[in-house]
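First listed ligand is number 1; within each ligand, the first listed atom is number 1.
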Amino acid sequence: MNRRTFLALAALSGATGTAGLAAGCGSGTGHHPAPPPLDLSTPLRIPPLLHPPADLDGVRRFELIMAAGQFELLPGKPTTTWGFNGAYLGPTLRAGRGDRIAMTVRNALPEASTVHWHGMRLPARMDGGPHQLIAAGHRWTPTWTIDQPAATTWYHPHPHGATAKHVYRGLAGLFLIDDDHDAELPTGYGTDDIPLILQDKNLDDHGRIDGDPLKGPFGILGDRILVNGTYNPRFDVTTTRLRLRLLNASNARMYQLAFADRRPFHLVATDGGLLAAPVETGTLALTPGERAEIVVGFDPGDNVVLRTLDTGIDIGMGDLDLIRFVAAEQLRPAPGLPAGLPAPAPIVPPADAKVRHFTLSGRDSINGRPMDMQRIDEVVPAGAVEIWEVENSTGASHNFHIHEVAFQVLNAQGTPTGGHKDTVFTPAHTTVRLAVQFGPFSDPVEPYMYHCHVLRHEDAGIMGQFVTVAPGTESAVPRTYAGPAHAH
Ligand code: C2O
Ligand code: CU
């Protein structure tokens with residue numbers, strides 16, 4: 001792109017970026033000032049990588065501490081935020097398939113919380129859902145073995161009724177899983193393998209996080225976008241290709257990502273791992289909780305903005321600029337894009353697969369029942385492949401996340417399509433059919449969750465609980481939660 005085209009696009013993006021705000025502003029106190037047009041010039045923060053070597057016993061030991069701190073969301077305006085091992089967001093954790101993990105999570109917040117490993121395949125007691133509450137001043141020490149394909153997963157609090165608040169204040173981070181059979185994709189963390197954690201906020205005059213994440217139909221639909229906690233960000237490109245690991249860690253906003261010059265890019269992974277082959281596209285939708293990995297090419301001197309397009313959908317209103325990529329005049333060559341990738345096998349339901357139906361019919365319940373931590377809604381045999389039908393019978397957007405599993409969306413012919421996922425968009429008045437692969441873990445007491453990942457909806461009760469148990473024991477399993485009231 002030449003400089004004149006860039007300037008024209010920059011001017012255009014500034015203008016539409018501002019114009020889209022009124023539509024995008026769905027909540028908050030309404031007193032926060034409208035943001036000025038962006039120049040996208042602040043160097044992108046890259047979350048520090050936490051990749052401890054294995055100890056002599058072969059275990060990788062991670063330490064996280066949840067605490068309040070001082071952080072500049074706007075330059076020169078320090079405010080109080082929450083984070084892991086720092087004031088805002090958390091380190092990027094990294095481990096490989098087969099690794100044994102010992103995690104210590106300390107809660108130095110003024111209130112109880114939990115840490116859920118979103119996308120991780122692990123026993124329910126280690127999952128960090130609402131039952132694994134960590135009281136203020138206490139710690140939690142889950143252990144597990146990583147046994148799943150390479151993927152971009154993440155972690156965030158899950159205290160029932162307060163998840164929206166805890167995530168909005170800043171608690172979230174990435175957890176990257178490597179596999180021996182990693183593809184020939186860029187892997188230089190922070191150089192050509194770049195995390196992009198997308199969040200929208202409302203900020204007041206003092207740069208403070210503003211707005212009530214439990215107000216209005218969706219909670220927060222903020223008018224300022226943060227990428228890795230950086231407002232108005234720029235990334236300096238030094239290689240001919242970048243792998244971008246995208247996470248929608250917003251409370252409610254969906255993104256329809258595209259480059260301002262409409263350059264094509266390749267989708268290489270979804271929530272649960274790599275695709276069988278790169279898929280060329282120009283736009284990518286991402287609802288809260290979803291991840292995607294894309295590979296995008298750059299020419300020397302390129303200067304291009306990644307933005308979200310107005311979808312016309314209630315949780316995706318407004319054009320907003322996310323980040324500018326500025327390519328050096330000399331770029332180092334990146335690996336070529338592989339024709340095929342080591343994707344996990346398709347999830348094919350057996351002919352007699354159990355079908356379960358979930359109706360999202362309001363803002364606080366599934367199948368007519370609001371979340372009840374004392375009620376076990378579903379009992380699933382460990383290792384099963386089932387069909388879960390999720391019907392959004394409302395006129396508003398929701399999405400659907402299932403803990404521990406991998407699933408694929410089924411097409412009208414019942415064939416799995418797309419990549420492995422754990423979170424899926426359920427637009428208004430639609431039904432999605434999922435082929436769901438459950439893990440091998442059995443525990444008749446501790447449940448996993450399924451829920452809408454619009455955090456205001458999750459907190460309001462669009463959530464249910466399931467246990468996975470030894471096959472054949474389903475009918476003997478208590479339907480009332482029988483575990484400890486609180487685990488410290
Ligand atoms: Cu990302 Cu139950 O959550
Ligand atoms: Cu919802």
Response to the item:
In H453, the N/O/S atom nearest atom 1 (Cu) of ligand 1 carries the name NE2
Item to complete: Return yes when at least one N/O/S atom of H398 is nearer than 2.8 Å to the Cu ion (ligand 2), and no when none is.
Response: yes
Worksheet entry | N-O pairing of R121 and D147 below 4.0 Å | no
Practice prompt. Write down the atom of V268, the atom of P278, and the distance for their closest heavy-atom approach.
Written response: CG1-CB, 4.0 Å
Fill in: H401-W154 aromatic ring centre distance below 6.0 Å
no
Worksheet item: Between F441 and W144, does the ring centroid distance fall short of 6.0 Å?
Response: no
Worksheet item: Measuring to atom 2 (Cu) of ligand 1, does H116 have an N/O/S atom at a distance below 2.8 Å?
Response: no
Item to complete: Please work out the angle at atom 2 (Cu) of ligand 1 defined by atom NE2 of H158 on one side and atom NE2 of H403 on the other, rounded to 10°.
Response: 100°
Worksheet entry | Where the Cu ion (ligand 2) is the vertex, angle from C452 SG to H457 ND1 to 10° | 130°
Worksheet item: Of L171, I209, T79, which meets side-chain contact (heavy atoms from CB on, under 4.5 Å) against Y88?
Response: I209
Discussion item. Within 2.8 Å of atom 2 (Cu) of ligand 1, is there any N, O or S atom belonging to H451?
Written reply: yes
Discussion item. Quick check on ring pair (Phe, Tyr, Trp, His ring centres under 6.0 Å): which of H158, H453, H451 does H118 satisfy it with?
Written reply: H453
Item to complete: Could you grab the angle centred on atom 1 (Cu) of ligand 1, going from NE2 in H156 to ND1 in H118, to 10°?
Response: 120°
